[in-house]
Q: 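Structure provided below as structure tokens; questions to follow.
Position 1 is the first residue of the sequence; numbering continues from there. Note that the structure is a prediction, hence the values are computed from the model and not measured. Scope of the values below: all heavy atoms of this structure, side chains included, with no hydrogens, waters or symmetry mates.
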Amino acid sequence: MAQRLVRAKGKIRDAGIPYRVPSEADLPDRLRAVLAVVYLVFNEGYTASSGEQLVRSDLCSEAVRLGRLLVELMPDEPEALGLLALMLLIEARRPARTTERGELVVLADQDRSRWDHSLIEEGQALVRRCLRLNRPGPYQIQAAINAVHSDAASAAQTDWAQIVQLYEQLMSIAPSPVAALNRAAAVAETDGPATALSLVDQLDLMEYRVFHAVRAGLLRRLGRKVEAARAYDEAIRLTENAVEREFLSRQCGAVA
């Protein structure tokens, strides 16, 4: 990376490329890229792609800091508000994501009393602020989805119908296979695992570990244990984080 930076600096110097502050017309396109990078940093911190620990708190903190800075600089930009709200609402759940032994705890099984309710209140306030601006975007909708999760006192009390509707809105403005997978997981709670599995099996996400983990969970609920174990094995093969691998291995052992 250091060598790349040296080469880049040399190219800029030799070509005489000037430093230029972008005009207002340039900001929207540039902002999308900045928001995407900040969210990638946060995601890598929240679930490390590899290593022995599930979370890299330094990356989560830095992403939230950058999100706050963007909102300070662009207080009326709804997607900056939405991204900050999204990160805060997800970050609020971090204390309940692992046991004292460092084992992964999925959302449905988390002790919600351990959630950081000050972050939830701040995130929900930002979501309401986005609604007043009435310029919906992908980060705002994802924040709204997580706000619905944070409203529920337990997994059983989650308003899954509203979450499905929000995913449909997300798919209408920013369709992607991952969004479709998340929608299918929500559909499992409203229309059952069989309906959800039919949606999942239409997706081309064979190299995405979460796809196989979601599929394994649906197959398990349907009593199709052999297929569920195979799907868990595939998820394990694609997972490089030790904590996630251990969790998936336990799930796979439970259906063996």
Q: Excluding sequence neighbours, so at least two apart, what forms salt bridge (charged side-chain N to carboxylate O under 4.0 Å, His left out) with R93?
A: none
Q: Measuring only between side-chain heavy atoms, which start at C-beta, is R97 closer than 4.5 Å to V105?
A: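 Sidechains of V105 and R97: no contact.
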Q: What heavy-atom pair brings P177 and L203 nearest, and what distance separates the two atoms?
A: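 Smallest heavy-atom distance, with atoms named: O-CD1, 3.8 Å.
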Q: Identify the heavy atoms of G82 and A143 that sit nearest to each other, and give their distance.
A: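 Scanning both residues, the minimum pair turns out to be O-CB, 3.6 Å.
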Q: Is the shortest distance from a Lys or Arg side-chain nitrogen in R230 or E234 to a carboxylate oxygen in the other one below 4.0 Å?
A: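 No salt bridge links R230 with E234.
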Q: Mind checking what makes ring pair (Phe, Tyr, Trp, His ring centres under 6.0 Å) contact with W115, not counting sequence neighbours?
A: none
Q: Side-chain contact test, heavy atoms from C-beta onward, threshold under 4.5 Å: evaluate it for Q124 versus D151 and give yes or no.
A: yes
Q: Shortest non-hydrogen contact from A196 to A184?
A: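 Scanning both residues completely, I find the closest heavy atoms to be CB-O, 3.2 Å.
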Q: Output a table of donor-acceptor pairs, distance under 3.5 Å, between side-chain atoms of residues 59-81 and any protein atom two or more places apart or on a different chain; print 'none' if there are none.
A:
unit_1	atom_1	unit_2	atom_2	d
S61	OG	S57	O	3.0
E62	OE1	R65	NE	3.0
E62	OE2	R65	NH2	2.8
R68	NH1	E122	OE2	2.4
R68	NH2	E122	OE1	3.2
R68	NH2	E122	OE2	3.4
E77	OE2	E79	N	3.3
E79	OE1	Y139	N	3.4
E79	OE1	Q140	N	3.2
E79	OE1	Q140	NE2	3.1
E79	OE2	Y139	N	3.1

Q: I want to check something: taking the side chain as every heavy atom from C-beta on, are V106 and Q110 in contact at a cut-off of under 4.5 Å?
A: no
Q: More than 12 heavy atoms of other residues, nucleotides or ligands under 6.0 Å from CD of Q53: is that the case?
A: no
Q: Can you get from F42 to L84 by hopping between Ile, Leu, Val, Met, Phe, Trp and Tyr side chains that sit under 4.5 Å apart?
A: yes
Q: Donor-acceptor pair, R245 side chain versus I236 backbone, under 3.5 Å?
A: yes
Q: Scan for ring pair (Phe, Tyr, Trp, His ring centres under 6.0 Å) pairs involving residues 189-227, sequence neighbours excluded, and state none if there are none.
A: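 The answer is none; no pair qualifies.
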Q: Within a strict 4.5 Å, meaning less than it, do heavy atoms of the L86 and Y39 side chains meet?
A: yes
Q: What's the shortest heavy-atom distance between V127 and A147, and which atoms?
A: CG2-CB, 4.3 Å
Q: For V148, is there any backbone N or O sitting under 3.5 Å from a side-chain donor or acceptor partner on D159?
A: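 The answer is no, because no donor-acceptor pair under 3.5 Å joins these two groups.
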Q: Does R94 come within less than 4.0 Å of E91, counting only side-chain N to carboxylate O?
A: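 Counted as a salt bridge, because a side-chain N and a carboxylate O are separated by less than 4.0 Å.
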Q: Taking atom types as modelled, is there a side-chain donor on N241 or E52 under 3.5 Å from an acceptor on the other?
A: no
Q: Locate the shortest heavy-atom distance separating M206 from L238; write the atom from each residue and the value.
A: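 That closest heavy-atom pairing would be O-CD1, 3.6 Å.
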Q: Heavy-atom distance under 4.5 Å between the side chains of R215 and L197, does that happen here?
A: yes
Q: Distance alone, cut at 3.5 Å: any donor-acceptor contact between the side chains of Q157 and S154?
A: yes
Q: Does Q202 reach the main-chain N or O of S198 with its side chain, forming a donor-acceptor pair under 3.5 Å?
A: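 Yes, Q202 side chain to S198 backbone: donor-acceptor pair under 3.5 Å.
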Q: Restricting to pairs with a member in residues 103-119, which pass salt bridge (charged side-chain N to carboxylate O under 4.0 Å, His left out), not counting sequence neighbours?
A: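 For residues 103-119, and leaving out neighbouring residues, the salt bridge (charged side-chain N to carboxylate O under 4.0 Å, His left out) pairs sorted by first residue read R101-E103.
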Q: Y167: what forms a ring pair (Phe, Tyr, Trp, His ring centres under 6.0 Å) with it, not counting sequence neighbours?
A: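 Checked Y167 against ring pair (Phe, Tyr, Trp, His ring centres under 6.0 Å); zero matches.
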Q: Quick one: does Q251's side chain get under 4.5 Å of R220's, heavy atoms only?
A: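 Answer yes - side chains close enough.
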Q: Is a donor on one side and an acceptor on the other found under 3.5 Å between the side chain of R56 and the backbone of A48?
A: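 Absent.
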Q: Please give me the minimum heavy-atom distance between L222 and P193, naming the atom from each residue.
A: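 Between these two residues, the closest heavy atoms are CD2-CG, 3.7 Å.
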Q: With a 6.0 Å cut-off (strictly less than), is the heavy-atom count around CG of D204, excluding the residue itself, greater than 12?
A: no
Q: Please determine which of I145, L89, T158, L88 meets the side-chain contact (heavy atoms from CB on, under 4.5 Å) test together with S150.
A: L89
Q: Contact between S49 and E240 at the side-chain level, heavy atoms closer than 4.5 Å - yes or no?
A: no
